[in-house]
Participant: 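Shown below is the structure under consideration.
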Amino acid sequence: MKVSKFGGSSLANAQQFNKVKNIVLSDPSRQVIVVSALGKENNQDHKITDLLYLTHAHLTYGVSVDEIFEEIRQKHLGVHHELGLSFDLEGELTKIRSSLRKNMDIDELVSRGEYLSACLMASFLGFDFIDAKDVICIDYNGQVDLEKTYLKIREVFSQHPKIVIPGFYGVLPNGKIKVMSRGGSDITGSLVAAALDAEVYENWTDVSGILMADPRIVPSAKSIHKLTFAELREMAFMGASVLHEESIQPVKEKNIPLNIRNTNEPDHPGTMILSQIDEASNKAHFITGVTGRQDFTVLSVYKEHIAKAPSMIRDVLEILERFECPLEHLTMGIDSFTIVCATSNIKERLYDIISDIKKQCLPDKVIVEEDLALIAVVGRQMKETPGVSGRLFSAMGQHSINIRMIAQGTDEISIIVGISNQDFNKTIQVLYEKFIGQ
Ligand code: ASP
């Protein structure tokens with residue numbers, strides 16, 4: 001049995017609904033479908049979820065919601081009409097319209113996007129509609145109660161073998177609806193797949209899997225056929241974003257493969273993400289991808305024989321914690337250590353942080369550098385392959401790219417280099433060419 005989640009772009013209009021139907025019905029094991037709210041048809045269009053958040057803002061500020069609700073209404077009615085569906089969508093829309101009021105619960109309102117798209121999809125496929133508020137249980141601290149949720153999903157599935165569930169929301173212990181963070185339908189899909197021990201969790205979107213590099217920088221970037229969850233984390237942390245981060249854990253724990261597929265190119269196998277990949281090492285293509293992020297700030301703290309005063313590192317980390325500034329990297333030398341933070345996180349508090357470091361740690365000096373970019377070369381097979389960093393550094397040297405920082409984790413699945421923001425695109429292109437090629 002497969003769990004298949006379809007994102008908003010796969011549900012942007014009746015034509016997309018038809019593509020989804022073909023995909024679902026072409027494989028009888030696609031029994032459990034999770035959907036996002038209707039997405040954008042084009043760049044001028046709006047996501048239903050965005051319109052619902054906007055509706056809430058209108059209500060809060062006492063602005064009329066007539067126009068915006070009409071847009072939401074027409075979009076759903078259009079799909080309903082074009083697909084020739086007979087369920088009472090007007091009735092559902094009227095219920096939502098009449099519930100709109102000042103101070104209404106924002107979660108309840110924005111969850112209606114997924115609710116309506118799941119109603120449409122269930123009716124179109126002839127599957128049973130199961131409301132997420134009856135199966136996805138969320139605690140007051142925002143965490144999903146896995147035990148309860150899994151139990152409820154299993155119970156439902158034992159009575160309804162073909163179902164459609166709205167993504168993105170669940171229910172609090174007091175019966176109120178609670179939405180997840182944006183993109184949360186990915187999490188719902190993963191929870192359902194884990195609860196039912198699915199053979200695979202398919203995540204259908206509008207790209208044919210994860211690409212080996214950002215296509216805006218490397219237009220010919222190929223898609224990754226297979227990668228491990230650990231590699232995905234490295235790729236995602238360093239900028240490649242396809243899935244909601246929190247959607248990985250439930251399926252990973254159950255060893256369920258996660259397959260990213262393209263609704264607009266259903267014959268493409270997409271990217272398969274697995275806990276472990278048994279393979280003969282491939283010396284020619286051992287790099288999974290090249291990714292990166294720009295705009296980091298580097299703080300270098302100097303103190304003679306710093307290695308003999310480890311408490312100083314602890315103190316600096318404590319200062320960062322106090323200012324709620326997440327740390328991205330830490331490297332150490334004999335007389336200094338360097339911390340790297342996203343500029344957007346440290347910018348506002350930089351001078352306070354430096355002042356506290358000076359007061360509390362009495363360093364010899366503190367140096368700040370900005371405009372650092374980090375590039376990660378990711379690949380599970382690097383572990384068995386000597387000379388990768390040598391090739392990486394020589395390729396960068398040949399193209400006159402100055403390396404400002406180097407880091408490699410002990411698991412050896414990625415090498416991270418720090419360079420200037422201005423060399424970002426060039427470095428990704430050079431490394432892609434060097435390790436992955438035409
Ligand atoms: N519709 C929600 C959003 O736009 C959730 C989702 O699509 O996964 O974030």
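Read the numbers this way: they start at 1 and go in the same order the structure lists the ligands and their atoms.
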Participant: For ligand 1, which atoms sit closer than 4.0 Å to a heavy atom of Arg182?
Facilitator: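 In order of numbering, the contacting atoms are 3 (C), 4 (O), 9 (O).
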
Participant: Specify side chain, backbone, both or neither for His244, according to which of its non-hydrogen atoms lie closer than 4.0 Å to ligand 1.
Facilitator: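 Contact part for His244 vs ligand 1: neither.
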
Participant: Parallel under 30°, tilted from 30 to 60°, perpendicular over 60°: which one fits the rings of Phe129 and Tyr115?
Facilitator: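 Phe129 and Tyr115: perpendicular rings.
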
Participant: Please check this pair: side chain of His399 against backbone of Ala395, looking for a donor-acceptor N/O pair closer than 3.5 Å.
Facilitator: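 Here the side-chain-to-backbone pair exists.
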
Participant: Who's the nearest protein heavy-atom neighbour of atom 6 (C) of ligand 1, and how far?
Facilitator: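 Among all protein heavy atoms, the one nearest atom 6 (C) of ligand 1 is Ser185 OG, 3.3 Å.
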
Participant: Within a radius of less than 6.0 Å around OH of Tyr140, do more than 12 heavy atoms belonging to other residues, nucleotides or ligands occur?
Facilitator: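 Count over threshold, so yes.
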
Participant: Between ligand 1 and Gly113, can you find any atom pair, the residue atom being a heavy atom, that is separated by under 4.0 Å?
Facilitator: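 Outside the 4.0 Å threshold, so no.
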
Participant: Looking at Ser36, which atoms of ligand 1 are within less than 4.0 Å of one of its heavy atoms?
Facilitator: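 Near Ser36, the atoms of ligand 1 are 6 (C), 7 (O), 8 (O).
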
Participant: As an exercise, identify every atom of ligand 1 less than 4.0 angstrom from a heavy atom of Lys47.
Facilitator: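 Selected atoms, number and element: 4 (O).
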
Participant: Give the atoms of ligand 1, by number and element, whose distance to some non-hydrogen atom of Gly183 is under 4.0 Å.
Facilitator: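 What qualifies from ligand 1 is 3 (C), 5 (C), 6 (C), 8 (O), 9 (O).
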
Participant: Please examine the side chains of Gln16 and Phe6, heavy atoms only from C-beta on, and report whether any two atoms are closer than 4.5 Å.
Facilitator: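 When only atoms from C-beta onward are counted, Gln16 and Phe6 do not touch, as no gap falls below 4.5 Å.
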
Participant: Strictly below 4.0 Å, N to O, side chains only: are Arg73 and Glu70 in salt-bridge contact?
Facilitator: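 Yes.
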
Participant: Heavy-atom count around Lys152 NZ within 6.0 Å, excluding the residue itself: above 12?
Facilitator: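 Count not over threshold, so no.
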
Participant: Near Glu114, which atoms of ligand 1 are under 4.0 Å from a heavy atom of that residue?
Facilitator: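 Taking each heavy atom of Glu114 in turn, ligand 1 has 1 (N), 2 (C), 5 (C), 6 (C), 7 (O) under 4.0 Å.
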
